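Note that the structure is a prediction, hence the values are computed from the model and not measured. So that the names make sense, note that chain A is the first sequence line, chain B the second, and so on, each numbered from 1.
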There are 2 protein chains.
Amino acid sequence: MVNLNKHPENPEEAILKAASEIFIEKGFDGARMQEIADKAGLNKALLHYYYRSKDKLFRAVFNKVFQRLMDGLVSVFEENMPVFDTIRIFFKEHQEVLITYRHLPVFILNELQRDPNIVVDMFNTSRLKKVRNTFFHRIEKEKQEGIIRQSIQPMELFINILSLSVFPYAAKPLITSFIGIDESAFFDMMEARKDGLADFVIQSIKA
Amino acid sequence: MVNLNKHPENPEEAILKAASEIFIEKGFDGARMQEIADKAGLNKALLHYYYRSKDKLFRAVFNKVFQRLMDGLVSVFEENMPVFDTIRIFFKEHQEVLITYRHLPVFILNELQRDPNIVVDMFNTSRLKKVRNTFFHRIEKEKQEGIIRQSIQPMELFINILSLSVFPYAAKPLITSFIGIDESAFFDMMEARKDGLADFVIQSIKA
DNA sequence: GTTAAGTTTAACCAACTGGTCAAAGATAGA
DNA sequence: TCTATCTTTGACCAGTTGGTTAAACTTAAC
């Protein structure tokens, strides 16, 4: 027989989708199970039927969202190419990820502070290993080739690149208030900044 | 007659202090008025006697904390001295502020996303004006003197410096998990990074 | 069509939450 | 000492919250 449900998706996915939006917008403490149910168009008891508790539902959401962000973040560093190219490509791609999922940085940073354990054994350490074996290794190589300054530390550079890319989006309300611009002007500014960022880093590390 | 209270401070301050700790640790939604009262060693009704509502108490906390962080952040940029000196002093001083108030960045970023209005008319725009008239002006001057590269945009540089300084502290749980170190190793790393940061920026902007 | 398993619902609950209030206690001036 | 004001408290309250449950509904196999 045909599916007579009001909802084309299966409820498990509908719940996860609605929960993602609510949790990301309001955080774990600010989110309400009833609100998630309303957004999914389902009875609240169903959330518990499929995901037992608010905590378990939250973890399902967080894991999915976190993995998504991580993929968009480290994948570029796992490919073997000249460091300057990696940097340019990263900033270009990562800015788009951040614009698409603009609330994710603050959400993840905040929930991670609330409970640092949610991330435990979420990193398959192979991920870092791969970054080490490609990006970090490449840096050392280009240092020997005289392309990159000797004093550059791969891990620090990695953190610097991340900082420059992510922070402005996390601090968007602060920046817009501080320099007195609206949201669209902010994204214009980020768009213009995109090209300059790679230059900023490369200029700093080149020999 | 002598003060027979168990608490040497006046209750208004005791509440604000306890509220600061709880709000910063758990956020507005996660904080409980009873928990704040317990931490202050006072009756819960007193919180409402002095601060009417949870929202008003939160605003009092946020304002104070925010002003404190802002002072430690922009004061260096308001002084007229060579740009490279400003940058070196800023990183050195700001890292100490961040270590002392290590939970503030995420707290402020998060609450600002929850309700961007809490920061409205909190910036006396004179603050930004002063930064413009000193730091930004100085950059333009040093560009003409051939000390700094022509393509450097003052506002972008300002945001970059902030990003490099603040982000690692906001992302501490992420970084420690990702590279598999504990908290003390993280702060050692930040300590070592401190000197390199100024070099990283200066190297990038010098002509 | 009977049955057994999976799915969905409305009604319900105990615990908790921000907030109130009347009364008790402290304080300082007259 | 009396009194008017300010402080402090315990008890209380209405609304909300995550979570439960028994019963109704669907589905598909026989």
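- B/Tyr50 has its OH atom 18 Å from the P atom of C/dG19, to the nearest Å.
- Taking 4.0 angstrom as the limit, B/Tyr49 places none of its side-chain polar atoms (N or O) nearer than this to OP1 or OP2 of D/dC6.
- Summarising the geometry, the separation between CG on A/Leu57 and C1' on D/dT17 is reported as 15 Å, rounded to the nearest angstrom.
- Following rounding to the nearest Å, A/Asp38 (CG) and C/dT9 (C1') show an atom-to-atom distance of 14 Å.
- A donor-acceptor pair shorter than 3.5 Å cannot be found between the side chains of B/Glu156 and B/Asn160.
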Output a table of nitrogen or oxygen pairs between the protein and nucleotides 10-13 of chain C separated by less than 3.5 Å.
residue	atom	partner	partner atom	Å
C/dA10	OP2	A/Asn43	ND2	3.3
C/dA10	N7	A/Asn43	ND2	3.3

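- Within the structure, every side-chain polar atom (N or O) of A/Arg32 is placed at least 4.0 Å from both OP1 and OP2 of D/dT16.
- For A/Arg114 and A/Phe58, the positive end sits near the middle of the six-membered ring, less than 6.0 Å away and at most 45° from its axis.
- A/Gln67 and A/Asn63 share no side-chain donor-acceptor pair at under 3.5 Å.
- By the 4.5 Å heavy-atom criterion applied to side chains, B/Ile148 and B/Arg138 are not counted as neighbours.
- Note: CG (A/Asp55) to P (D/dT17) measures 18 Å, nearest angstrom.
- The side chain of B/Met33 approaches C/dG18 more closely than any other nucleotide in the set C/dG18, C/dT8, D/dT9.
- Side-chain contact check for A/Met155 versus A/Arg132: some heavy-atom pair is nearer than 4.5 Å.
- Geometrically, B/Lys54 engages B/Phe28 in a cation-pi contact, judged by NZ or CZ lying under 6.0 Å from the ring centre and within 45° of the ring axis.
- Counting any heavy atom pair closer than 4.0 Å across all strands shown, B/Ala31 reaches sugar-phosphate atoms only and no base atom.
- The nearest whole Å value for the distance from the CZ atom in B/Arg52 to the P atom in C/dT20 is 8 Å.
- Distance, A/Ile15 CD1 to C/dT8 P: 8 Å, rounded to whole Å.
- Between A/Phe107 and A/His103, the distance separating the two ring centers is not shorter than 6.0 angstrom.
- If you take OH of B/Tyr51 and P of D/dT7, they are 13 Å apart, rounded to a whole angstrom.
- Remark: P of C/dG18 and CZ of B/Phe23 are 9 Å apart, rounded to the nearest angstrom.
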